[in-house]
Amino acid sequence: MPELPEVEAVARALRPLVEGRTIRRARVLHPIAVRPSSGRGARRAAQDLVARLRGRWITRVGRRGKYLLLELDRGCVVMHFRLDGQLVWFDSHTLAGHVDVALDLDSGTLGFVDRRHFGRVQHFTQPDDLPGIRALGVDPLTPEFTAEKLADILRSSRPLKLLLLDQARIAGLGNIYSSEALWRARLDPRRRAHRVLPAEARRLHKAIVAVLLRALECCLHPAPDFRDPGWWFQGLEEILRVYGREGKPCRRCGAAVRRIEQGGRSTYACFRCQK
DNA sequence: CCTGCTACCTGATGGC
DNA sequence: TGCCATCAGGTAGCAG
């Protein structure tokens, strides 16, 4: 379920564990997790990954949108958690539970876990070799994301919610925080983006940044604990204002929160205060 | 070029 | 209890 704040928190917690470490050996337990996006050639991809990672060392942990990057002395490991992927840490090289890909480091083992097999672990010479990364739009937590930049992005006839989910426009918002940002900005998720007035666009800009920063703070306290196999972010539900609250009173005006479908996915909103 | 729909996977949940 | 339908926080690929 990770969106930008969760992946950012994972990147920060991972740095002291892996930066400067050598990958002694990579193990691909479930080749489906490393197959190319075309979907075929998983076994071959697994062999390639193992060969390319042997002996490399991790220079830096980075993030691009919802992608986690392990930059190496040669090339880069790109991970995407999609809906359910997560990381686990083992102090030894002995694994436990479902692990798709294991990176045996000189100090322990980093495991990529995703029972559902939506997520991916891949190696590229550089991150931009993956089309999904090359196409990413502005990162909303960088200075480049200004109110003017958002106004530019809003030149579209699409509904606001679908536009905010588009990773090629803004990188890192997902289904939860797009609903949350629109609630905070008091904007109807069905509104066509180019109908949004300048003052409303400035409100939305502030709301996006505020929602993400608040979630990031929550994700960092307590920090991710990869050693606990059952670990997941605590307390996130309490900071959500509309997401998942169908039928419950709006925290601003008391009207019932509604769930609607947009692009085949759930959107939550209060249509009394979101116009 | 843009937009919208579906497939991709597996597990959890709720109704009957 | 068992079974089936539905849902899940994402993205790539394809058709129009």
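Below, chain A is the first sequence line, B the second, and so on; all start at residue 1.
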Engineer: Does CD belonging to Gln126(A) count more than 12 external heavy atoms closer than 6.0 Å?
Structural biologist: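 Check passes, neighbour count above 12.
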
Engineer: Assign each of Phe118(A) and Pro159(A) to its nearest nucleotide of DNA chain B by heavy atoms, then name whichever residue's nucleotide is nearer the 5' end.
Structural biologist: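 Its nearest nucleotide being more 5', the pick is Pro159(A).
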
Engineer: Verify whether the ring centers belonging to Phe145(A) and His205(A) lie closer than 6.0 Å.
Structural biologist: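 Phe145(A) vs His205(A): aromatic centres under 6.0 Å.
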
Engineer: I need the Cys270(A) SG to Arg252(A) CZ distance, nearest 0.5 Å.
Structural biologist: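 Atom-to-atom, Cys270(A):SG and Arg252(A):CZ are 7.0 Å apart.
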
Engineer: Figure out the NE2/P separation between His98(A) and dA12(B), and round it to whole Å.
Structural biologist: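 Checked: the NE2 to P distance equals 13 Å.
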
Engineer: For the CZ atom on Arg195(A), are there more than 12 heavy atoms of other groups (residues, nucleotides or ligands in this structure) within a distance under 6.0 Å?
Structural biologist: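 Incorrect, the count does not exceed 12.
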
Engineer: Taking atom P in both dC14(C) and dC9(B), compute the distance separating them and give it to the nearest angstrom.
Structural biologist: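 About 15 Å, rounded to a whole number of Å.
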
Engineer: Distance check needed: dC2(B) C1' versus His194(A) NE2, whole Å only.
Structural biologist: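 Between C1' of dC2(B) and NE2 of His194(A): 14 Å.
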
Engineer: Measure from NZ or CZ of Arg190(A) to the centre of the six-membered ring of Phe271(A) and say whether it is under 6.0 Å with the direction within 45° of the ring axis.
Structural biologist: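 Here Arg190(A) passes the 6.0 Å and 45° test against Phe271(A).
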
Engineer: With sugar-phosphate meaning primed atoms plus P, OP1 and OP2, does Arg35(A) contact a base, only sugar-phosphate, or nothing at under 4.0 Å between heavy atoms?
Structural biologist: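 Arg35(A): backbone/sugar contact only, no base atoms under 4.0 Å.
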
Engineer: Please report the distance, rounded to the nearest Å, between CG in Asp100(A) and C1' in dT10(B).
Structural biologist: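 Atom CG in Asp100(A) sits about 11 Å away from atom C1' in dT10(B).
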
Engineer: Does the structure show a Watson-Crick or G-U wobble partner for dG4(B), both distances under 3.5 Å? Name it, or say none.
Structural biologist: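 Partner of dG4(B): dC14(C).
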
Engineer: CZ of Arg115(A) versus C1' of dC9(B): gap in Å, rounded?
Structural biologist: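 Between C1' of dC9(B) and CZ of Arg115(A): 13 Å.
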
Engineer: For the CZ atom on Arg241(A), are there more than 12 heavy atoms of other groups (residues, nucleotides or ligands in this structure) within a distance under 6.0 Å?
Structural biologist: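 Counting other residues, nucleotides and ligands, CZ of Arg241(A) exceeds 12 neighbours.
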
Engineer: Among residues 255-269 of chain A, which ones have heavy-atom contacts with DNA chain C below 4.0 Å?
Structural biologist: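 Listed by number, they are Arg265(A), Ser266(A).
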
Engineer: Nearest whole angstrom, please: distance from the P of dA12(B) to the CG of Asp114(A).
Structural biologist: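 Going from CG in Asp114(A) over to P in dA12(B) covers 13 Å.
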
Engineer: Apply side-chain hydrogen bond (donor to acceptor under 3.5 Å, both in side chains) to Asp128(A) and list each qualifying residue two or more places apart in sequence or on a separate chain.
Structural biologist: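 If we apply the side-chain hydrogen bond (donor to acceptor under 3.5 Å, both in side chains) test to Asp128(A), skipping adjacent residues, the hits are Arg64(A).
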
Engineer: Is the phosphate of dT11(C) approached by His80(A) (side-chain N or O, under 4.0 Å from OP1 or OP2)?
Structural biologist: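 Yes, such a contact exists.
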
Engineer: Is Arg158(A) close enough to dG4(B) that one of its side-chain N or O atoms is under 4.0 Å from OP1 or OP2 there?
Structural biologist: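 Yes, such a contact exists.
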
Engineer: Can you tell me how far C1' of dC7(C) sits from CG of Asn175(A), to the nearest Å?
Structural biologist: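 After rounding, the gap between these two atoms is 12 Å.
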
Engineer: I want to check something: taking the side chain as every heavy atom from C-beta on, are Leu136(A) and Tyr67(A) in contact at a cut-off of under 4.5 Å?
Structural biologist: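 They are in side-chain contact.
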
Engineer: Could you state the atom-to-atom distance from CG of Leu162(A) to C1' of dT11(C) in whole Å?
Structural biologist: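 Roughly 14 Å, once rounded to whole Å.
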
Engineer: Need one value for Tyr67(A): base, sugar-phosphate or nothing, where a base atom within 4.0 Å counts as base even if backbone is also close, heavy atoms only.
Structural biologist: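 Sugar-phosphate: the residue Tyr67(A), judged by heavy atoms under 4.0 Å, touches backbone atoms but no base.
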
Engineer: If you compare every side-chain N and O of Ser156(A) against the phosphate oxygens of dT3(B) (OP1, OP2), does one of them come in below 4.0 Å?
Structural biologist: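 True: Ser156(A) side-chain N/O within range (under 4.0 Å) of dT3(B) OP1/OP2.
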
Engineer: With a 4.0 Å cutoff (strictly under), does any side-chain N or O of Gln167(A) reach OP1 or OP2 of dG10(C)?
Structural biologist: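 No, outside the criterion.
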
Engineer: May I ask which nucleotide in the shown strands pairs with dC9(B), Watson-Crick or G-U wobble, both distances under 3.5 Å?
Structural biologist: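 Checking every strand shown, dC9(B) finds no partner, since no pair has both distances under 3.5 Å.
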
Engineer: What integer distance in Å separates Arg192(A):CZ from dC2(B):C1'?
Structural biologist: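 Nearest whole value for this atom pair: 13 Å.
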
Engineer: Indicate whether OP1 or OP2 belonging to dG13(C) is found under 4.0 Å from a side-chain N or O atom of Ser37(A).
Structural biologist: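 Affirmative; the distance criterion is met.
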
Engineer: Taking only side-chain N and O atoms of Arg169(A), does any of them lie within less than 4.0 angstrom of OP1 or OP2 on dT3(B)?
Structural biologist: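 Arg169(A) to dT3(B) OP1/OP2: side-chain N or O found under 4.0 Å.
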
